[in-house]
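For reference, the structure is listed below as structure tokens.
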Amino acid sequence: MEYPERRHLAPFLLRGTLQYQCAQTTVPTPFFHKTLEDTMASKLEALDRWVAEVAALTRPARIHWCDGSDAEYQSLVQQMLADGTLIELNQRTHPGCYLHRSHPSDVARVEHLTLVCHPDEEDAGPNNHWMDPAAAHAKIDALLDGCMEGRTMYVIPYCMGPIDSPLARCGVEITDSPYVVANMKIMTRMGAPAQARIERESSFVKGLHSVGELDPERRWIMHFPAELTIKSYGSGYGGNALLGKKCHALRIASNQARDEGWLAEHMLIVGIENPRGETHYVAAAFPSACGKTNLSMLIPPEGYLRDGWKVWTVGDDICWMHPGADGQLYAINPEAGFFGVAPGTSDSTNHNALTSISHDTIFTNVAVTADNQPWWEGLPGTPVTDWQGRPYDPAKGPAAHPNSRFTVSAKQCPTWSEQAEASQGVPISAIVFGGRRPSLLPLVMEARDWTHGVLMGAAMGSETTAAATGAVGVLRRDSMAMKPFCGYHYGDYFAHWLSFDRPGAKLPKIFHVNWFRKGADGKFLWPGFGDNLRVLEWMIERAEGRVDGVETPIGILPGEGELKLDGLGLDRARLDELLDVDNAGWQAELSAIGEYLASFTPRLPERLHREQQRVAQALEDDAGQSRREAIAF
């Protein structure tokens with residue numbers, strides 16, 4: 001390679017100081033120092049070499065190697081308060097809390113500008129936007145050329161997962177955004193320990209990010225799975241800029257998982273402890289803003305609390321599952337924090353989340369009250385300033401952006417589990433799929449086996465939310481809640497899921513839930529929130545073989561009296577409606593599922609196609625039997 005000039009390269013070889021100047025100026029004494037000649041002689045370590053290449057491309061004024069310390073975080077906060085990137089909130093009611101307002105055009109993921117650049121277009125699949133890697137690099141590198149002139153370039157070593165876990169994977173994000181650095185400090189195990197692991201393993205995901213001009217016409221989020229590389233330009237929003245999150249933990253990691261024999265999934269991880277002191281761990285996939293955070297921090301109903309039930313939070317968004325030596329699936333949460341949706345989070349809907357974010361939290365695009373407290377729809381009080389900093393006017397829309405966020409350490413959650421730091425992960429007893437469906441889908445159903453469960457996940461559908469740009473309230477298929485995040489062809493992804501069903505495997509049971517079914521009056525039939533524990537208890541009892549359930553063509557449903565409804569006040573008619581199986585509606589649904597799956601041919605596994613046909617035939621047979629019984633009656 002052609003090495004950049006010394007004035008560009010030297011800053012990268014001085015680590016451990018607060019800032020480094022690219023010009024010929026005096027720098028603070030570093031913790032350790034590699035001379036240019038020494039580094040040249042060793043041909044540069046992989047990390048140094050890559051950082052040098054980025055410096056030559058982006059030409060920053062200063063370089064800062066992040067150590068992940070609290071002092072570093074506080075220094076960045078003070079810097080951002082001084083330049084207006086952050087706004088200090090009421091330190092009496094919300095100590096350590098700050099507000100960030102992003103550009104109005106930069107408030108959500110941009111799926112149409114998010115690319116997965118496999119060398120072969122077919123490997124990306126119809127579920128991804130693709131560009132030839134060489135063309136993609138050329139396009140985004142032209143935007144990155146000189147983009148950090150006059151800015152500080154931050155080098156962020158981070159670990160996704162417990163720092164000593166063999167299930168964890170590391171990365172380095174280079175960014176010109178101190179807001180990104182502060183959020184990555186919260187969301188990952190960031191700093192010196194991660195860098196030490198990277199240097200031991202000499203393998204890491206390379207992420208390059210610049211806010212650029214925040215021009216929507218000059219915005220790209222590109223992934224190069226074969227190169228373990230991510231490049232993002234033109235956005236400061238979390239999912240586009242915090243490259244350890246969706247970009248690394250799902251799009252890149254899903255490719256690593258396929259190659260290495262594990263699963264990187266858009267799932268929460270929650271532990272359910274029963275009165276006997278036994279804890280079962282459940283992984284659950286829902287599209288964004290469909291209740292993952294609420295379920296992961298669930299508070300048991302009063303009767304369950306009296307009986308000794310407890311809920312433990314391991315993760316609220318991402319789950320990496322690996323087969324253990326005993327055949328079970330073990331999961332870690334690769335993240336260290338929560339990047340949650342603020343609107344709808346209240347004392348009644350998610351007390352634990354509200355408690356978590358009462359201090360040391362970064363809020364993004366929320367409103368503010370007269371006494372400078374963060375505010376969003378669902379909270380008491382009155383906003384005076386909206387998410388754009390304007391005097392609040394209801395005629396101009398919600399006070400808080402519908403996708404406004406909070407970033408907070410997971411350890412601040414009252415229900416945080418120490419098992420979140422377990423290097424071996426936690427054993428998974430059940431996998432749950434779900435979505436926002438106002439009709440047809442019952443409250444809960446269990447797959448008859450692993451293949452049927454994969455079909456349930458593949459067929460999953462939900463109404464779209466404000467977490468992604470585009471129309472809201474439109475039904476779309478979102479297999480395993482991974483449509484925006486699967487880093488390769490969905491057909492190959494389904495085949496990878498099916499591959500776990502092999503001799504010796506002790507796989508968790510798979511379920512599908514729908515908390516959002518509505519009655520004829522347009523109101524939700526199920527109360528949701530803490531009462532969802534009643535459904536989780538049924539799943540655990542099924543996993544333990546304590547209840548039988550009822551076989552139907554679409555799966556196993558709770559039998560008479562198997563759902564504990566004491567104190568709920570749910571009448572029999574509403575329960576029957578929640579568990580109703582509309583055969584004609586399901587036949588139409590299976591037909592639509594078949595058409596959807598066909599879009600992934602020729603890579604759709606034949607085994608999954610046969611399973612769809614089996615369920616469709618079971619529905620047809622059941623309808624025929626019902627007709628014969630009606631005639632006989």
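If you read the sequence from its start, that first residue is 1, and numbering goes on from there. These figures come from a predicted structure and were not determined experimentally. Note that these values count all heavy atoms, side chains included, but never hydrogens, waters or copies made by symmetry.
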Side chain to side chain, [X] and [Y], heavy atoms closer than 4.5 Å:
| X | Y | value |
| --- | --- | --- |
| R189 | P193 | no |
| T313 | N352 | no |
| V116 | Y488 | no |
| P442 | L578 | no |
| V535 | W515 | yes |
| N514 | L443 | no |
| V110 | N240 | yes |
| I272 | V270 | yes |

Return the minimal non-hydrogen interatomic distance between [X] and [Y], and the atom names on each side.
| X | Y | answer |
| --- | --- | --- |
| E335 | D317 | OE1-CB, 3.8 Å |
| M267 | A285 | CG-CB, 3.7 Å |
| S429 | H280 | OG-ND1, 3.0 Å |

List the steps and the verdict of side chain to side chain contact (heavy atoms under 4.5 Å, CB included) for N128 and L115.
CA-CA 7 Å; N128 284 305; L115 308 180; over 6 Å; no

Evaluate V581 against L557 for side chain to side chain contact (heavy atoms under 4.5 Å, CB included), listing each step before the verdict.
CA-CA 10 Å; V581 179; L557 273 61; 3.9 Å; yes

Would you check if there is a donor-acceptor pair between the side chains of [Y] and [X] at a distance under 3.5 Å?
| X | Y | value |
| --- | --- | --- |
| E273 | W312 | yes |
| N532 | R534 | no |
| E121 | W130 | no |
| H209 | S232 | no |
| Y158 | H248 | yes |
| Y493 | S479 | no |
| K231 | H137 | yes |
| T407 | N183 | yes |
| R258 | N255 | yes |
| Y237 | N403 | yes |
| N127 | H489 | no |

Would you find more than 12 non-hydrogen atoms of other residues, nucleotides or ligands less than 6.0 Å from E606 atom CD?
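Yes, enclosed.
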
Would you call [X] and [Y] a salt bridge, taking side-chain N to carboxylate O under 4.0 Å as the test?
| X | Y | result |
| --- | --- | --- |
| R607 | D501 | yes |
| R614 | E620 | no |
| R49 | E53 | no |
| K292 | D316 | no |
| K246 | E111 | no |
| R603 | D123 | yes |

Would you kindly check if the NZ (Lys) or CZ (Arg) of K483 is within the cone defined by 45 degrees around the ring axis of F485 and under 6.0 Å from the six-membered ring centre?
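The answer is no; the distance or angle limit is not met.
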
What residues form a salt bridge (Lys or Arg N to Asp or Glu O under 4.0 Å) with E541, not counting sequence neighbours?
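Listed in chain order: K564.
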
Carefully, step by step, assess E595 and R477 under the rule side chain to side chain contact (heavy atoms under 4.5 Å, CB included).
CA-CA 11 Å; E595 292 176 6; R477 301 288 171 190; over 6 Å; no

So, using ring-ring contact (aromatic ring centres under 6.0 Å, His included) as the criterion, who are the partners of H223 when residues are at least two apart?
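None.
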
Given the side-chain rings of H322 and Y330, with only the six-membered ring counted for Trp, is the space between their centroids under 6.0 Å?
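Distance test on ring centres: not under 6.0 Å, no.
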
Taking the six-membered ring for Trp, are W450 and W497 ring centroids under 6.0 Å apart?
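Close enough - the centres of the two rings lie under 6.0 Å apart.
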
Does the side chain to side chain contact (heavy atoms under 4.5 Å, CB included) test come out yes or no for L455 and L597, once each step is laid out?
CA-CA 10 Å; L455 177 66; L597 293 178; 3.8 Å; yes

